Amino acid sequence: MSAESASQNEHYLRVFRRRFRDWRGTRPFWAGLLTLLGGIPIVYFPYASLKLGQMTLSMATTTGSASLIIGVLLMTLGLTMWFQAIVRVFAGVAAILLALVSIPVANFGGFGIGFLLALIGGALSIAWAPGTPEAASAEPAEAAEVPATVDAHESETTVDANGGRNSAG
């Protein structure tokens, strides 16, 4: 065992954090989290009852089963964004449509909370694109040099200046 090996001296929480950060960077993590969290109030509010002293306030409606289906589908789409990043566009469009459907069906989309979270999560999922890996090798020094002299007829901003003459086609 060497004192130089970094993996043996690192704390396991630091290793877990680094691995989680790497995993999170390869998928639409925040889109999935917002969509998952958007399904919770849509499912919760139609079945919740609040007790205020002797009075019970209940938001139960006849569309409880529809809000349950919408909320569970939104939570499933959030998990799909995490674990199947290849279908992120489909999951984003489906999350937006379900969020819009939840407005009339599930108590104004979970009183607007679930609607907004699912809508933003779906939009983030559609907008997310996987990153490109960094270039491993640098360009040779000769290729990076710029010529010192510039011809009087050449323009630096255009590819083919044609000697200053324009052609209409």
Side-chain angles (χ1 to χ4, degrees), residues 6-7 9-139 156-160 168-169:
S7 63
N9 294 332
E10 283 188 307
H11 197 266
Y12 65 91
L13 287 177
R14 187 177 300 157
V15 172
F16 175 76
R17 229 178 103 215
R18 185 176 302 124
R19 286 183 183 168
F20 177 70
R21 187 178 57 221
D22 292 341
W23 177 82
R24 188 184 67 194
T26 60
R27 60 202 72 246
F29 176 77
W30 294 109
L33 182 66
L34 289 176
T35 306
L36 182 74
L37 291 177
I40 293 171
I42 292 174
V43 168
Y44 177 73
F45 286 130
Y47 295 103
S49 62
L50 177 66
K51 285 194 164 234
L52 297 172
Q54 298 294 332
M55 185 175 65
T56 302
L57 179 66
S58 180
M59 292 302 298
T61 63
T62 58
T63 60
S65 60
S67 62
L68 178 68
I69 291 170
I70 290 171
V72 168
L73 283 174
L74 282 172
M75 288 187 260
T76 304
L77 287 171
L79 292 172
T80 302
M81 290 174 198
W82 282 351
F83 297 111
Q84 296 292 327
I86 195 79
V87 293
R88 69 185 186 281
V89 175
F90 167 76
V93 169
I96 290 172
L97 290 176
L98 284 172
L100 291 172
V101 167
S102 75
I103 292 174
V105 172
N107 294 331
F108 298 110
F111 296 116
I113 300 167
F115 164 72
L116 286 175
L117 288 173
L119 191 70
I120 293 170
L124 284 175
S125 178
I126 293 172
W128 184 83
T132 56
E134 295 179 11
S137 62
E139 293 182 5
E156 293 181 14
T157 59
T158 59
V159 176
D160 182 22

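Quick caveat: nothing in here was measured; it's all calculated off a predicted structure. Side-chain atoms are counted along with the backbone in the values below, which use heavy atoms only and exclude waters and symmetry mates.
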Subject >> Mutual orientation of the aromatic rings belonging to Phe29 and Phe20 [parallel < 30°, tilted 30-60°, perpendicular > 60°] >> reply: perpendicular

Original post:
Between Arg88 (side chain) and Pro28 (backbone), is there a donor-acceptor pair under 3.5 Å?
Top reply: no

Original post:
Taking all atoms of both residues into account, what is the closest heavy-atom pair of Pro41 and Ile113, and its distance?
Top reply: CG-CG2, 4.0 Å

Original post:
Which heavy atom in Val105 sits nearest to a heavy atom in Ala66, and how many Å separate them?
Top reply: CG1-CB, 3.3 Å

Original post:
If you draw a 6.0 Å radius around CD1 in Ile86, do more than 12 non-hydrogen atoms from other residues or ligands fall strictly inside?
Top reply: no

Original post:
Side chains of Met75 and Leu79: closer than 4.5 Å at any heavy-atom pair?
Top reply: no

Subject >> Straight-line distance of Leu97 CG to Ile70 CD1, nearest 0.5 Å >> reply: 11.0 Å

Subject >> Beyond-backbone contact of Ile126 with Ile96, side-chain heavy atoms, under 4.5 angstrom >> reply: yes

Original post:
If every non-hydrogen atom of Ala85 is compared with every non-hydrogen atom of Thr26, which pair is closest and at what distance?
Top reply: CB-O, 4.3 Å

Subject >> With Phe16 via ring-ring contact (aromatic ring centres under 6.0 Å, His included) - residues at least two apart >> reply: none

Original post:
Can you tell which of Ile42, Val101, Ile103 makes a side chain to side chain contact (heavy atoms under 4.5 Å, CB included) with Phe115?
Top reply: Ile103

Original post:
Could you give the distance from CZ (Phe90) to OG (Ser125), rounded to the nearest 0.5 Å?
Top reply: 11.0 Å

Subject >> Distance, nearest 0.5 Å, that separates CD1 of Ile120 from CH2 of Trp30 >> reply: 13.5 Å

Original post:
What heavy-atom pair brings Ala95 and Thr35 nearest, and what distance separates the two atoms?
Top reply: CB-CG2, 3.9 Å

Original post:
Got a sec: does the CZ of Arg17 have more than 12 other heavy atoms crowding it under 6.0 Å?
Top reply: no

Original post:
Do you know the tightest heavy-atom contact between Ala118 and Ala99?
Top reply: CB-CB, 3.7 Å

**OP:** Can you measure from CG (Leu73) to CG (Leu68) and round to the nearest 0.5 angstrom?
**Re:** 9.5 Å

Subject >> Interatomic distance, Leu116 atom CG to Leu34 atom CG [nearest 0.5 angstrom] >> reply: 10.5 Å

Subject >> Heavy-atom pair with the smallest gap, counting every atom of Trp82 and Leu36 >> reply: CH2-CD2, 4.1 Å

